[in-house]
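Just so you know, these numbers use all the heavy atoms, side chains as well, and skip hydrogens, waters and symmetry mates.
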Amino acid sequence: MKELSSKITNIEPAKIRKMYDMAQGLDNVISFVIGEPEFDTPQNIINAAKKAMDHGHTHYTPNSGILPLREAVSAHFKNFDKVSYNPLDEIMITVGGMQGLYLSLLVLTNPGDEVIVSDPCYTNYYGMIEMNHAVPVTVPVYEEEGFNFTEKGLREALTPKSKAILLNTPSNPTGAVADRETIEMIARIAIEHDLYVIFDEVYKHLIYDDEAFFNIARIPGMKERTIIVDSVSKSYAMTGWRVGFCLGPEPVISHMQKIQEFMLSCVNTPAQYAAIEALTGPQDALTYMNEQYKERRRIMVDRINSIDKLSCLMPKGAFYVFMNIKETGLTSEEFAIELLKDQHVVLSPGDCFGAMGEGYVRLSYATSVENINEGFDRIEKFVKKVSERRVTNHR
């Protein structure tokens, strides 16, 4: 048999899924590994999909998505993000934020182009960039600096092959939120070096305390070089519905629409009607879920910082904690695998997200308070065992 595609076989599988798969078959597992809201999709959204099917909305749609959804997206962004996009030619409905990211990279990059990402960053960025024959260029971000880009770090990453900066705020895995000053700095560099910005804002509704969300496309000179990626997955507990959207300049969006025909024709039709209800219907469920996440964040951070040899920053957004485990003496992978085997608690090793993630693990607090408390009772036992083992080995 002839060899398979090297562009695919050379890509490493996601370590998060490795941990998820390792947990299958174990009993009484507490999971902090997947970024999955524990809440079910709100009933009004489910009802909207049922109504759409009852009314015969079960056929193909335009490649770019149904116009009522694009109009709802346009209105939402004008109200929340303070940016205006024409629903006719500047908005594209995608299969979740994931396809939006992939289409953005597919349209923007040529083989060998460099895409700047933070390290650590969402693990799937690496695979997506490489599948498009582009090159991920990492910029280390540090706990001491709130896990945000710095001007020095970004400028050191620039080369003549730089094509785009991929900015995720709030961030997966760190929970960092880029403030306006940071975003203005990124915009200044993008304009100065004629770079695109892929602005991944899928967690924008999950920002806590007094931190403000600011869309980079609001800055003069940035709308024409920004592709926004968003979805209803995280905010509305609709991960399985797979509805996202891209907003950007017409030349970019028109190419996405063209490619959509060859990839999958269109997004699931009833799901698009459900997304309209999510964006335009009552927002009580979103408010309730955010309040729950904020409380669970507090509980998890308090539990972490009360355990010897563990620590973390208070995340400003999303629903992840990036826990510092350096004092345990274990690598992030050792910590994750040994914890799973010993206590049946599954989480994500920090090195899943880049070299700078070593010494950390990611936990999702989009789970119940009971799971958080039970999970950390087990984590505390595990860390004590590790500490006692190290003391014994050094005698």
Side-chain angles (χ1 to χ4, degrees), residues 12-38 119-124 143 147 171-176 293 295-315 318-394:
E12 293 294 324
K15 280 189 177 181
I16 293 176
R17 286 293 172 180
K18 173 186 172 183
M19 293 304 304
Y20 179 84
D21 292 342
M22 285 179 64
Q24 303 310 300
L26 297 179
D27 62 333
N28 194 22
V29 172
I30 300 290
S31 178
F32 299 123
V33 73
I34 299 291
E36 171 81 71
E38 68 142 346
D119 181 2
C121 70
Y122 177 41
T123 184
N124 287 9
E143 187 173 12
F147 292 114
S171 163
N172 173 10
T174 66
Y293 293 142
E295 175 63 10
R296 295 167 194 198
R297 175 189 69 149
R298 181 193 64 78
I299 293 169
M300 184 174 283
V301 169
D302 286 350
R303 290 297 306 263
I304 290 170
N305 288 323
S306 71
I307 298 173
D308 187 39
K309 302 193 184 313
L310 302 182
S311 65
C312 72
L313 296 179
M314 177 68 77
F319 41 52
Y320 306 105
V321 167
F322 211 48
M323 183 169 76
N324 189 320
I325 61 159
K326 293 176 183 178
E327 290 189 19
T328 67
L330 299 176
T331 68
S332 60
E333 186 168 8
E334 287 170 344
F335 187 98
I337 292 174
E338 290 185 26
L339 174 65
L340 177 59
K341 291 179 177 178
D342 186 73
Q343 294 291 330
H344 289 195
V345 174
V346 59
L347 42 70
S348 303
D351 65 347
C352 292
F353 309 98
M356 293 298 295
E358 182 52 68
Y360 298 85
V361 294
R362 189 197 74 173
L363 305 95
S364 169
Y365 51 86
T367 185
S368 68
V369 172
E370 292 75 19
N371 276 350
I372 292 171
N373 282 321
E374 171 63 23
F376 274 90
D377 287 345
R378 299 183 192 184
I379 289 171
E380 187 167 13
K381 291 177 185 176
F382 171 72
V383 172
K384 285 181 179 177
K385 281 186 180 181
V386 170
S387 297
E388 290 168 0
R389 186 174 71 204
R390 291 186 70 196
V391 169
T392 302
N393 289 342
H394 281 85

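With rounding to the nearest 0.5 angstrom, the CG atom of Leu363 is 9.5 Å from the CD1 atom of Ile372. Between the CG atom in Asp351 and the CD atom in Glu333 there is a gap of 6.0 Å [rounded to 0.5 Å]. Glu380 contributes atom CD, which lies 6.0 Å from atom CZ of Arg303 (distance to the nearest 0.5 angstrom). The CD1 atom of Ile379 lies 9.5 Å from the CD1 atom of Ile30; values are rounded to the nearest 0.5 Å. Atom-to-atom distance recorded for Arg17:CZ and Ser348:OG is 10.0 Å, nearest 0.5 angstrom. Rounding to the nearest 0.5 Å gives a distance of 6.0 Å between OG of Ser332 and CD1 of Ile325.
Asp342 is linked by a side-chain contact (heavy atoms from CB on, under 4.5 Å) to Phe382, Lys385, counting only residues two or more places apart in sequence or in another chain. Not counting sequence neighbours, the partners of Phe319 by the ring-ring contact (aromatic ring centres under 6.0 Å, His included) test are Tyr203, Tyr293. The side-chain contact (heavy atoms from CB on, under 4.5 Å) search around Lys326 returns Asn324, Tyr360, not counting sequence neighbours. Judged as a side-chain contact (heavy atoms from CB on, under 4.5 Å), and not counting sequence neighbours, the contacts of Met314 are Arg297, Val301. With sequence neighbours left out, Leu313 forms a side-chain contact (heavy atoms from CB on, under 4.5 Å) with Glu143, Phe147.
Applying the side-chain hydrogen bond (donor to acceptor under 3.5 Å, both in side chains) definition to pairs two or more places apart or across chains, those involving residues 27-38 are Asp27-His344, Asn28-Arg378, Glu36-Thr239, Glu38-Arg296.
Each of Ile304, Leu347, Val361, Thr174 was evaluated against Val321; a single residue qualifies, Ile304, per the side chain to side chain contact (heavy atoms under 4.5 Å, CB included) test.
Salt-bridge formation is detected for the pair Asp302/Arg298: a Lys NZ or Arg NE/NH1/NH2 atom is positioned less than 4.0 Å from an Asp or Glu carboxylate oxygen.
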